[in-house]
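Report on the following structure.
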Amino acid sequence: QVQPVESGGGLVQAGGSLRLSCAASGRTFSSANMGWFRQAPGKEREFVAAISWSGNTYYADSVKGRFTISRDNAKNTVYLQMNSLKPEDTAIFSCAIHKYYRPPKGTWERQDEYDYWGQGIQVTVSS
């Protein structure tokens, strides 16, 4: 059973930074495509960023230039560096593993294309 586990969330002031980590074990991590999603209060869960096994990255427009996704295969961990945080970034952030080794075009943002999810971690940005 694969279970991604997030860490690094918390409370930060607007303009500050946080780095989230997602550790995933139980499979060949180096060949896994990983994604970050978030769900703000009263809103649907949305795509944030993704990284392929080869290191290609994908971002939602709302976080481009502020967030950076990266991976360390030696540590079986994916990171989400979040800078210039805004109150509207407040959400529960979850990482997930994509179903496919070579994701079809346009599926990086689709939640139903990810089959293993972490429990999520709270990020709160105060104004």
Side-chain angles (χ1 to χ4, degrees):
Q1 182 72 22
V2 180
Q3 180 63 56
V5 178
E6 302 94 343
S7 61
L11 174 65
V12 64
Q13 289 187 333
S17 298
L18 278 176
R19 189 178 77 158
L20 303 182
S21 300
C22 172
S25 60
R27 63 185 292 172
T28 306
F29 178 82
S30 61
S31 63
N33 298 298
M34 305 293 295
W36 283 99
F37 291 78
R38 66 184 180 185
Q39 186 167 19
K43 296 186 178 181
E44 294 186 353
R45 188 162 56 186
E46 64 177 4
F47 171 77
V48 175
I51 187 166
S52 72
W53 58 266
S54 60
N56 293 325
T57 57
Y58 308 85
Y59 296 95
D61 288 342
S62 59
V63 306
K64 281 181 182 176
R66 300 189 299 123
F67 291 11
T68 302
I69 189 171
S70 62
R71 64 190 299 155
D72 184 340
N73 289 338
K75 296 182 178 180
N76 285 5
T77 301
V78 171
Y79 303 99
L80 185 67
Q81 178 67 45
M82 305 185 294
N83 299 328
S84 302
L85 283 162
K86 306 174 182 179
E88 51 264 43
D89 293 317
T90 295
I92 295 174
F93 283 71
S94 302
C95 70
I97 303 174
H98 202 287
K99 292 178 180 178
Y100 301 112
Y101 177 71
R102 295 188 185 279
K105 187 178 180 180
T107 65
W108 290 102
E109 301 85 359
R110 290 179 51 178
Q111 300 177 46
D112 59 353
E113 298 293 342
Y114 292 79
D115 55 1
Y116 293 102
W117 291 80
Q119 293 293 318
I121 194 164
Q122 180 70 45
V123 171
T124 302
V125 184
S126 62
S127 57

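The nearest pair of heavy atoms linking Thr90 to Ala40 is O-CB, 3.5 Å. Minimum heavy-atom separation, Ala49 to Leu80: CB-CD1, 4.1 Å. Looking at every heavy atom in both residues, Asp112 comes nearest to Lys99 through O-NZ, 2.8 Å. Closest approach of Leu11 and Ser126 over heavy atoms only: CD1-CB, 4.3 Å. Here the closest non-hydrogen pair linking Ile121 and Gly9 is CD1-N, 3.2 Å. The two residues Ser17 and Asn83 make their nearest non-hydrogen contact at OG-OD1, 2.9 Å.
In this structure, the side chains of Pro103 and Glu113 stay at 4.5 Å or more apart for every pair of heavy atoms. In this structure, the side chains of Arg38 and Asp89 come closer than 4.5 Å at one or more pairs of heavy atoms.
A continuous path of hydrophobic side-chain contacts links Val12 to Leu20 [ILVMFWY only; heavy atoms under 4.5 Å]. Hydrophobic clustering (ILVMFWY, side-chain heavy atoms < 4.5 Å, transitive): Trp53 and Tyr59 are in distinct clusters. Residues Tyr79 and Tyr116 do not share a hydrophobic cluster, defined by chaining ILVMFWY side chains whose heavy atoms lie under 4.5 Å apart.
Applying ring pair (Phe, Tyr, Trp, His ring centres under 6.0 Å) to Tyr58 and the options Phe47, Phe67, Trp108, Trp36 leaves one that passes, Trp108. Under the side chain to side chain contact (heavy atoms under 4.5 Å, CB included) rule, Pro4 has a single partner from Val78, Thr77, Ile97, Asn76, which is Ile97.
The backbone N or O of Trp117 sits less than 3.5 Å from a side-chain atom of Gln3, completing a donor-acceptor pair. Of the possible donor and acceptor atoms, one in the side chain of Glu6 sits under 3.5 Å from a partner among the backbone N and O of Cys95.
Between Tyr114 and Phe37, the ring planes are perpendicular. Angles over 60° get that label, and only those under 30° would be called parallel.
We find the CD-OG distance between Glu88 and Ser127 to be 10.0 Å, quoted to the nearest 0.5 Å. In this structure, the separation between CG on Leu85 and CZ on Arg66 is 6.5 Å, given to the nearest 0.5 Å. The CG atom of Asn33 lies 6.5 Å from the NE2 atom of His98; values are rounded to the nearest 0.5 Å. Taking CD of Glu46 as the start and CD of Glu109 as the end, the distance is 12.0 Å to the nearest 0.5 Å. Atom CG of Leu18 sits about 8.5 Å away from atom CD of Gln81, to the nearest 0.5 Å. Note that CD1 of Ile92 is 10.0 Å distant from CZ of Arg45, once rounded to the nearest 0.5 Å.
Within a 6.0 Å radius of OH in Tyr100, other residues, nucleotides and ligands contribute 12 heavy atoms or fewer. Other residues, nucleotides and ligands place more than 12 heavy atoms under 6.0 Å from the CD atom of Gln122.
With a 6.0 Å cutoff to the six-membered ring centre and a 45° limit on the axis angle, Arg71 counts as a cation-pi contact of Phe29.
The side chain to side chain donor-acceptor pair (under 3.5 Å) search around Ser52 returns Ser54, not counting sequence neighbours.
At a threshold of 4.0 Å, the pair Lys64-Asp61 counts as salt-bridged, since one of the basic side-chain nitrogens sits closer than that to a carboxylate oxygen.
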